[in-house]
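Atoms within each ligand, like the ligands themselves, are counted from 1 in listed order. Scope of the values below: all heavy atoms of this structure, side chains included, with no hydrogens, waters or symmetry mates.
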Amino acid sequence: MKRGMLIILSGPSGVGKGTVREELFKDESLNLSYSISMTTRKPRPAETEGVDYFFVDEKTFVDKIAQGGLLEWARFVGNYYGTPKDNVDRLLDEGKNVVLEIEVQGALQVMKKCPDALTIFLVPPSLEELERRIRGRRTESEDIVKERLDKARKEIQTKDEYKYVVENDDVHLAKDKIAKIIREHKI
Ligand SMILES: Nc1nc2c(ncn2[C@@H]2O[C@H](COP(=O)(O)OP(=O)(O)O)[C@@H](O)[C@H]2O)c(=O)[nH]1
Ligand SMILES: Nc1ncnc2c1ncn2[C@@H]1O[C@H](COP(=O)(O)OP(=O)(O)O)[C@@H](O)[C@H]1O
């Protein structure tokens, strides 16, 4: 069976990665599978263990790093986030196109290890709109919103490291652009 494609979907917090990803996953012809990350962040009310993330304590996370069990990992605004390696390998072997929805430091690590990965950076129409989206989601405290916005400004500066930059103005347009990129990208 043909091995699947590794797809990195990155971009600042609140740009709409999760929202666009949900639209992409409705399109079964793309043959996508989501890599569930491990994090030390506390679950939000609407999140489910083993679906949105594997929620773990810091010791479990650090042990996983020590065992070499993560394809990449990063600290982001006070918490650890990482991609369990076994799962990604298994899904790629099954021929799935595997989506990693991860932040910039982790994406840069994967680019080094897997230069063939299809890398996509989502940008907001403006920083003002990004702020509206983060606040509109009402999942973070004021301090954390400010930290995430500071981080976003720096993250956006790395966009040219990615193979494709897509603006998320309208969710359906952004989904269509990414679907086209996935269909046309050849390893
Ligand atoms: N490096 C890395 N980043 C991740 C991983 N999982 C999630 N992230 C990123 O960590 C950042 C914070 O995630 P989260 O707290 O869920 O906030 P949200 O993405 O804004 O809803 C986002 O940019 C995520 O894409 C991972 O496994 N590795
Ligand atoms: N194109 C868009 N236009 C307007 N609002 C959007 C758009 N995409 C996402 N949003 C909203 O912005 C907020 C952040 O989106 P989310 O998918 O959680 O971002 P991320 O996963 O990048 O942190 C959500 O409330 C979502 O409904």
message: Please list the nearest protein heavy atom to atom 8 (N) of ligand 2 with its residue and the distance rounded to 0.1 Å.
response: N168 ND2, 3.1 Å
- line: If you scan protein heavy atoms around atom 18 (O) of ligand 2, the nearest is R137 NH1, 2.8 Å
- prompt: Can you find a side-chain donor-acceptor pair between R137 and T139 that sits under 3.5 Å?
  reply: yes
message: Counting only heavy atoms closer than 4.0 Å, does ligand 2 sit against the backbone of L122, its side chain, both, or neither?
response: neither
query: Are R135 and E142 close enough for a salt bridge, meaning some N to O gap below 4.0 Å?
result: yes
Neighbour count >12 (heavy atoms, 6.0 Å) for atom CD, E47: yes
Options G14, G11, G16, ranked by nearest heavy atom to atom 23 (O) of ligand 2, top entry: G14
message: Quick one: does any side-chain atom of E72 pair with a main-chain N or O of A107 as donor and acceptor, under 3.5 Å?
response: no
message: Can you report which non-hydrogen protein atom sits closest to atom 22 (O) of ligand 2, along with the distance?
response: K17 N, 2.8 Å
statement: Within 4.0 Å of some non-hydrogen atom of S13, the atoms of ligand 2 are 23 (O)
field: Contact (N/O only, under 3.5 Å) between R133 and ligand 2
entry: yes
query: Should the pair E147-K151 be classified as a salt bridge under the 4.0 Å nitrogen-to-oxygen rule?
result: no
task: Can you spot which of L32, N97, V98, L6 makes a side chain to side chain contact (heavy atoms under 4.5 Å, CB included) with L91?
output: V98
Any donor-acceptor pair under 3.5 Å from N168 side chain to L122 backbone: no
message: Distance under 4.0 Å to a non-hydrogen atom of P12: what atoms of ligand 2 satisfy this?
response: 22 (O)
message: Check R133 with E129, please: is the shortest side-chain N to carboxylate O separation under 4.0 Å?
response: yes
query: Counting heavy atoms only, which part of A174 comes closer than 4.0 Å to ligand 2: side chain, backbone, both or neither?
result: neither
query: Are D27 and R183 close enough, and set up right, to give a salt bridge (Lys or Arg N to Asp or Glu O under 4.0 Å), and what steps lead you there?
result: CA-CA 12 Å; D27 190 338; R183 285 201 186 92; 2.9 Å; yes
- prompt: Considering distance alone, does some N or O of G136 sit under 3.5 Å from an N or O of ligand 2?
  reply: no
- prompt: Of T139, T19, L173, which has the heavy atom at the shortest distance from atom 26 (C) of ligand 2?
  reply: T19
- request: In sequence, state the C-alpha distance, the side-chain angles, and the governing distance for T60 and D57, and then conclude on side-chain hydrogen bond (donor to acceptor under 3.5 Å, both in side chains).
  value: CA-CA 6 Å; T60 307; D57 59 20; 2.5 Å; yes
message: So if I only count non-hydrogen atoms and take anything under 4.0 Å from ligand 1, which residues does that give, chain by chain?
response: S13, G14, K17, S37, R41, R44, Y53, E72, A74, F76, Y81, G82, T83, E101, I102, E103, G106, R137, R148
- request: Classify the ring geometry between Y162 and F121 as parallel (under 30°), tilted (30 to 60°) or perpendicular (over 60°).
  value: tilted
- prompt: What protein heavy atom sits nearest atom 21 (O) of ligand 2, and how far away is it?
  reply: G18 N, 2.9 Å
- prompt: Looking only at N/O atoms, are D169 and ligand 2 under 3.5 Å apart anywhere?
  reply: yes
Short N-O contact, K17 and E101, less than 4.0 angstrom: no
